[in-house]
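I have placed the structure first, in the form of structure tokens, so that the comments after it can refer back to it.
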Amino acid sequence: MKKNTILHRRFFATVLTLALTSVAASAQTLNIVSGGVVYAVPAAQAGDMIYQDGTTLTVMNKTFNITDIDSIYIDNSAVTDDAVDVTYSGTTATVRVAGNIMQYLAEAKADGAYVTLVQSSDLAREITYTLSGTSDNGSFYMDGSYKATVVLNGLTLTSTDSAAVNIENGKRINLDIEGTNTLKDSESSGGKGALMVNGHSEITGSGTLNLYGYAKHAYWADEYVQLKASMTGAINVLYAAKDGLSINQYYVQNGGTVNISGVLDDGIQVSADDEETGYVTLSGGSLTIAATAAGSKGIKADGSISINNAKSTPTLTITNSGTGKWDSDDSEVKGSACLSSDANITIDAGTISLTATGNGGKGMSCDSVLTVNGGELTVATSGKQYVNIGGTQAYDGTYSGNFDSLADAYSSSPKGIKVGIKADDNGGVAVGDIQINGGTVKVSATGQQDGSEGMECKNTITISGGTVSVNSYDDAINAAKNIYIKGGTVTAVGSNNDGIDANANIYISGGTVMAYGGSSPECGLDAAEGYQMYFTGGTILAVGGSSSTPTSSSSTQPYVNTTGSVSANSTISIVSGSTTLASFTVPSTYSASGSTSGSNRPGGGFGGGMGGSTYILISTPDMVTGSSYTVSSGSSSSTATAVQYGSSRF
């Protein structure tokens, strides 16, 4: 054995001498093959190559054990510095490492089509890893402590025991997507996703990445994920046993296209690892999510959600057909939602469409402040209430008991927009507001059941601008405290309850307000009993079975009230002499059944029509207290005298 070893070393030395002589004589590339990895050394960079004691070969500060070298050959191939190329082909993978960085790979091996590359802690330059080819039984694993670029360029890769691509490097990872790429794991995989990135994912490229996560998530990121503004390609999540994207810091999309479907939990879930994270920012590109699982969220953020046009105008489209579900850990029903934040939601720009069709589903939900400054927001829900009593009795839109006596933990009502409350870190309660300053907001909640409300807030609602249109089966706009309308155009239709309902005061000081409620005792405008209605500006129409009216001298703008016949698409006008002060077109979604007994309404004023007619209240800045005005509705008209406040219907 010893003699054979000596002969082997002598033979290797002879071959090596010829190879090195050839490399030195021309601009060629020396290729050293070890552990399934090809180290490509350009002749111009090779320098002194040390063959020592017949046991080792050192080239460009990389020392090889002779027994680990499979072969050495010379060719005319070009070498790109700082590059590693991995090419998959069936059950094998070819790994080619540029000579100038081979000393910085502490571990490099290809076991069939399973590739492992670990960067040395001495690395101080960025390596670009380019992955291509096809394998249905392989993977790529990379680790290290320095940032890197990973290029997916026409890669189709399925792993049977891990993530297809697993980047454990905790630094910035530039993920460049080129060509068409598909990554899959398997149900037996030990990974958290088909694509796993432990570092900061920054995504660029013009290609397509298709992801299938059969074990857990499709894409798992331990830190943040950012799609750069320069990205023009697409990421398609086509299946996930859990979340489509599971992210532990934050998600920022400045460009590119993301499509998520076929997921069995949330589309995108972003968790917070400290007080500064957990947020979602959409500043460009297109994001489309189709969620179907019970209790799922299209986007679920522990932190705030912001939608703006800092890079370009974003487009967000989310549909969710999931119903509610019983959460045994928290002993309560969890409803599904398109967009859900445990903090704030701010919309400054963009086109946002949210559609929830499952029972108990919500278009948008947050536990702090919803602010709309611009953009176009469309929200639609069509489900009924989901009830599950202690996890043993589930009623998916079929509950026929008394909703008022049903514990909140046992049900989820459909809402277009819901801004709720949550306990803060000090044991208190943080209460959210709705603030609409601009943009277009269209909300519909058409599920034929109590609780199907368009816009519900557990604190105050303030509308200062924009165009707001809400149509619902139950209350259209509802606040647990005050409602302030200072500007903009507001149309609220509650077909079986109130148009605008505050459990405190209603203040209208500007804008145009059209509130349509159901038949008596439901109101167009409804301030809570013991509270007030204040008119100090704006053009106001309230239609319904009744309405609250101002009873305080602090309400300075007069109003008229009367009864009449109101039908969809008809016109209601108020005229002074030959001058039309205001004219309103009744929405096609409104159908008044009228009829009230003329009983006293909350807010101090009497409401209600008479003899089956619908109650009509109008107030404009041009009105004068004590003057008479003609109110026309359809083919009928009546004369009414303006009052500033009081306790009478007329």
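Computed from heavy atoms alone, side chains included, the values below leave out hydrogens, waters and symmetry copies.
Applying side chain to side chain contact (heavy atoms under 4.5 Å, CB included) to V280 and the options I247, I299, I307 leaves one that passes, I299. Between T460 and the options N505, D433, N482, a side-chain hydrogen bond (donor to acceptor under 3.5 Å, both in side chains) holds for only D433. For the pairing with S201, the side-chain hydrogen bond (donor to acceptor under 3.5 Å, both in side chains) check across Y219, Y224, Y251 returns one residue only, Y219.
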Would you check, one step at a time, whether the test side-chain contact (heavy atoms from CB on, under 4.5 Å) holds for K486 with T462? CA-CA 8 Å; K486 303 177 180 180; T462 302; 4.1 Å; yes
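Between the side chains of K362 and S412, at least one donor N or O sits under 3.5 Å from an acceptor N or O. Side-chain atoms of T440 and E376 form no donor-acceptor pair, as typed in the model, at a separation below 3.5 Å. Between the side chains of D143 and N169, not a single donor N or O lies within less than 3.5 Å of an accepting N or O. D273 and N248 share no side-chain donor-acceptor pair at under 3.5 Å. A side-chain donor from one of S162 and S159 sits under 3.5 Å from a side-chain acceptor of the other. With 3.5 Å as the limit, one finds a donor-acceptor pair spanning the side chains of S368 and N344. A donor atom on one side chain and an acceptor atom on the other are found under 3.5 Å apart for N308 and S283.
Two rings, from Y534 and Y507, have their centers less than 6.0 Å apart. No close placement of the Y395 and Y386 rings is indicated, their centers lying 6.0 Å or farther apart.
Classification of the Y590-Y516 ring pair by plane angle, with boundaries at 30° and 60°, yields tilted.
By the 4.0 Å N-to-carboxylate-O rule, D342 lies close enough to K300 to be salt-bridged with it. Salt bridge annotation for K334-D327: present, with a cationic side-chain nitrogen under 4.0 angstrom from a carboxylate oxygen.
By the neighbour-count criterion of 12 heavy atoms within 6.0 Å, atom NZ of K458 is sparsely surrounded, having that number or fewer from other residues, nucleotides or ligands. Heavy-atom contacts from other residues, nucleotides or ligands closer than 6.0 Å to OH of Y410 number 12 or fewer. By the 6.0 Å contact criterion, CG on N402 is enclosed, its count of non-hydrogen atoms from other residues, nucleotides or ligands being greater than 12.
Summarising the geometry, atom NZ belonging to K184 is positioned 13.5 Å from atom OG1 belonging to T160; distances are rounded to the nearest 0.5 Å. Atoms CG and CG, on D501 and L525 in that order, are 10.0 Å from each other to the nearest 0.5 Å.
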